[in-house]
Amino acid sequence: MDLASNLGGKIEKAQVLSAVDKYEKYHASYGGQEDERKANYSDMVNKYYDLATSFYEFGWGESFHFATRWVGESLRESIKRHEHFLALQLGLTPGQKVLDVGCGIGGPLREISRFSSASVTGLNNNEYQITRGRALNRKTGVDKTCNFVKADFMKMPFEDNSFDAVYAIEATCHAPDAYGCYKEIYRVLKPGQCFAAYEWCMTDSFDPNNQEHQKIKAEIEIGDGLPDIRLTTKCLEALKQAGFEVIWEKDLASDFPLPWYLPLDKSHFSLSSFRLTAVGRLFTRNMVKALEFVGLAPKGGQRVQDFLEKAAEGLVEGGKREIFTPMYFFLARKPASESN
């Protein structure tokens, strides 16, 4: 029932179907153009997360991201380890002031704060996700050390040199311009400190002239609220252009025995992540259909699940063909002085 009651986020229930129409029209399969998505990225991404967050939380939990995975490791365990790895790379220590850029409902924020004893501020431009995040912070007892700020990560409301560390987990892919986003992160980060991220990217194996590759890319874009998906090389260029020193960078997708897309692969079955399996997704689809029919869920919910399903198919195909990665990782440092 939480899925039904929260579907649409802050959108009025009677307006959900209209919001779905507007969201879909931003994307290529509905005649939308990349330039329009970039120009209206804030509206597009806000509509996406109002519409999709309850599905994410129902199926994935509080941390909306993929993870590298070992044999015998559950999805939940792998997600926590993925977050701990990032905290360790940043060298987080108790009392540090940390920024989570594009924090969702705060799953990683809470885990990283508990793991490192750092104070974490989550930056998010979606009011519904912030409302959920604050409630979960209170529930887990981290509301004294963790907070949320509603703002656009292209125009952060923080003073220069405010944070001891900054991270982003599969979030800055929503930015219309990587350089502009990284430059803002550079501005608010203290000199000599580090920024780490997992980025969604097309890899060097992506062929823009291959129609099947373009179809996969478009499915991921509509199903995940993206104005575009950059190449890994473009992210690296943008980091350096913004002024960062890149300590190391690597696509982590192929470093582990189990593929990152395994939870979404319809040939895979898991009781621990049943809701993500083919059977679980079919159950969810029928449940949403029934709830819509009896008026407990707003009209448009089935269409939201349809584009999320397209995204899942695109992500699995993109992963299998190695043309897409959700875990291009980098650790970059702001020079200790501008003269460096």
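In summary, E184 and K155 do not engage in a salt bridge, as defined by a charged side-chain N under 4.0 Å from a carboxylate O. A salt bridge links K250 to D255: one of the charged nitrogens lies within less than 4.0 Å of a carboxylate oxygen. Using a 4.0 Å cut-off between a side-chain N of Lys or Arg and a carboxylate O of Asp or Glu, R114 and E111 qualify as a salt bridge. Salt bridge status for R37 with E221: present, with a side-chain N to carboxylate O gap under 4.0 Å. Here E77 does not pair with K80 in a salt bridge; the nearest charged N to carboxylate O distance is not below 4.0 Å.
K47 NZ to Y26 OH: the interatomic distance, rounded to the nearest 0.5 Å, is 5.5 Å. E62 contributes atom CD, which lies 7.5 Å from atom CZ of R132 (distance to the nearest 0.5 angstrom). Rounded to the nearest 0.5 angstrom, E83 CD and L109 CG are separated by 10.0 Å. Expressed to the nearest 0.5 Å, how far CG of L123 lies from CG of D100 amounts to 8.5 Å. Expressed to the nearest 0.5 Å, how far CD1 of I229 lies from CG of D224 amounts to 7.5 Å. With rounding to the nearest 0.5 angstrom, the CG atom of D177 is 11.0 Å from the CG atom of D228.
Put simply, the side chain of S113 never gets that close to the backbone of R110: no donor and acceptor are under 3.5 Å apart. Using modelled atom types, no side-chain atom of K13 and backbone atom of P298 make a donor-acceptor pair closer than 3.5 Å. In this structure, R69 contributes its side chain and E73 its backbone to a donor-acceptor pair below 3.5 Å. Of the possible donor and acceptor atoms, none in the side chain of Q214 sits under 3.5 Å from a partner among the backbone N and O of Q211.
Inter-residue side-chain proximity for K299 and V20 is flagged as unmet; no heavy-atom pair is nearer than 4.5 Å. W200 places none of its side-chain heavy atoms less than 4.5 Å from the side chain of T325. No side-chain heavy atom of W70 sits under 4.5 Å from any side-chain heavy atom of L258. Between R321 and S205 the shortest side-chain heavy-atom distance does not fall below 4.5 Å. In this structure, S162 and K190 have side chains that are not in contact, with every pair of non-hydrogen atoms separated by 4.5 Å or more. Using a 4.5 Å heavy-atom cutoff, the side chains of V45 and N125 are not in contact. When side chains are defined from C-beta on, T232 does not count as touching E249, because their heavy atoms never get closer than 4.5 Å. For the pair I105/F64, a side-chain contact is recorded, criterion being any heavy-atom separation below 4.5 Å from C-beta on.
The number of heavy atoms from other shown groups lying within 6.0 Å of NZ (K150) is above 12. For E322, the CD atom counts as loosely surrounded, since its 6.0 Å shell holds 12 or fewer non-hydrogen atoms of other residues, nucleotides or ligands. In the displayed structure, K320 atom NZ is contacted under 6.0 Å by more than 12 heavy atoms of other residues, nucleotides or ligands. Within 6.0 Å of the NZ atom in K183, the count of heavy atoms belonging to other residues, nucleotides or ligands exceeds 12. Q33 CD: 12 or fewer foreign heavy atoms inside a 6.0 Å radius.
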Test log, rule ring pair (Phe, Tyr, Trp, His ring centres under 6.0 Å), inputs F55 and W60: CA-CA 8 Å; F55 282 98; W60 210 260; over 10 Å; no

Intermediate values then yes/no, side-chain contact (heavy atoms from CB on, under 4.5 Å), V166 and V98: CA-CA 6 Å; V166 180; V98 181; over 6 Å; no

T68 and R81: CA distance, side-chain angles, deciding distance, side chain to side chain donor-acceptor pair (under 3.5 Å) verdict: CA-CA 9 Å; T68 55; R81 180 178 48 73; 3.1 Å; yes

Worked check of ring pair (Phe, Tyr, Trp, His ring centres under 6.0 Å) between F307 and H27: CA-CA 11 Å; F307 65 65; H27 291 276; 8.0 Å; no

Chi angles and distances behind the side-chain contact (heavy atoms from CB on, under 4.5 Å) call for E313, E309: CA-CA 6 Å; E313 292 168 4; E309 191 66 34; 4.0 Å; yes

Candidate pair R303 and E24, rule salt bridge (charged side-chain N to carboxylate O under 4.0 Å, His left out), full reasoning: CA-CA 10 Å; R303 281 172 57 187; E24 288 176 337; 2.6 Å; yes

Intermediate values then yes/no, side chain to side chain donor-acceptor pair (under 3.5 Å), T53 and Q129: CA-CA 7 Å; T53 294; Q129 288 198 333; 2.9 Å; yes

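The aromatic ring centres of W248 and F329 sit less than 6.0 Å apart. Centroid-to-centroid, the aromatic rings of F244 and Y182 stay 6.0 Å apart or farther.
The minimum heavy-atom distance linking H213 with D207 is given by the pair ND1-N, 3.0 Å. Here the shortest heavy-atom pairing between P227 and C173 reads CD-O, 4.0 Å. Annotation for L92 and S116: closest pair CB-CB, 3.7 Å, computed over non-hydrogen atoms. Nearest heavy atom pair, residue L90 against residue C194, reads CD2-O, 3.5 Å. Of all the heavy atoms in G314 and I216, the pair that sits closest is O-CG2, 3.2 Å. When all heavy atoms of R230 and T172 are compared, the closest pair comes out as NH2-O, 2.9 Å.
By the rule that hydrophobic residues join a cluster once side-chain heavy atoms approach within less than 4.5 Å of another member, L51 and Y56 end up as members of one cluster. Follow the hydrophobic side-chain contacts under 4.5 Å out from L252 and you reach M202 in the same cluster. When hydrophobic clusters are built by joining Ile, Leu, Val, Met, Phe, Trp and Tyr residues whose side-chain heavy atoms come closer than 4.5 Å, directly or via intermediates, L262 is not grouped with F256. Both M154 and V101 belong to a single network of hydrophobic side chains, linked directly or stepwise wherever heavy atoms of I, L, V, M, F, W or Y lie under 4.5 Å apart. Placement of L17 and V304 in two distinct hydrophobic clusters is found when ILVMFWY residues are connected by side-chain heavy-atom separations under 4.5 Å, directly or transitively.
Both tests pass for K97 against the ring of F163: distance under 6.0 Å to the centre and angle within 45° of the axis. In this structure, K10 is not positioned above the aromatic face of Y128 in the sense of NZ or CZ being under 6.0 Å from the six-membered ring centre and within 45° of the axis. Remark: K38 is not positioned above the aromatic ring of Y41, lacking an NZ or CZ atom under 6.0 angstrom from the ring centre and at most 45 degrees off the axis.
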Compile the donor-acceptor pairs under 3.5 Å between side chains in residues 140-149 and protein atoms, sequence neighbours left out, one pair per line.
{"unit_1": "T140", "atom_1": "OG1", "unit_2": "L136", "atom_2": "O", "d": "2.8"}
{"unit_1": "T140", "atom_1": "OG1", "unit_2": "N137", "atom_2": "O", "d": "3.4"}
{"unit_1": "T145", "atom_1": "OG1", "unit_2": "V142", "atom_2": "O", "d": "3.4"}
{"unit_1": "N147", "atom_1": "OD1", "unit_2": "T121", "atom_2": "OG1", "d": "2.9"}

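Under the ring-ring contact (aromatic ring centres under 6.0 Å, His included) criterion, Y179 pairs with no residue at all, not counting sequence neighbours.
Between Y23 and Y48, the ring planes are tilted. Angles from 30° to 60° get that label. Note: Y49 and H174 have perpendicular aromatic rings, judged against thresholds of 30 and 60 degrees for the angle between ring planes. Using cut-offs of 30° and 60° for the angle between ring planes, the W260 and F66 rings count as perpendicular.
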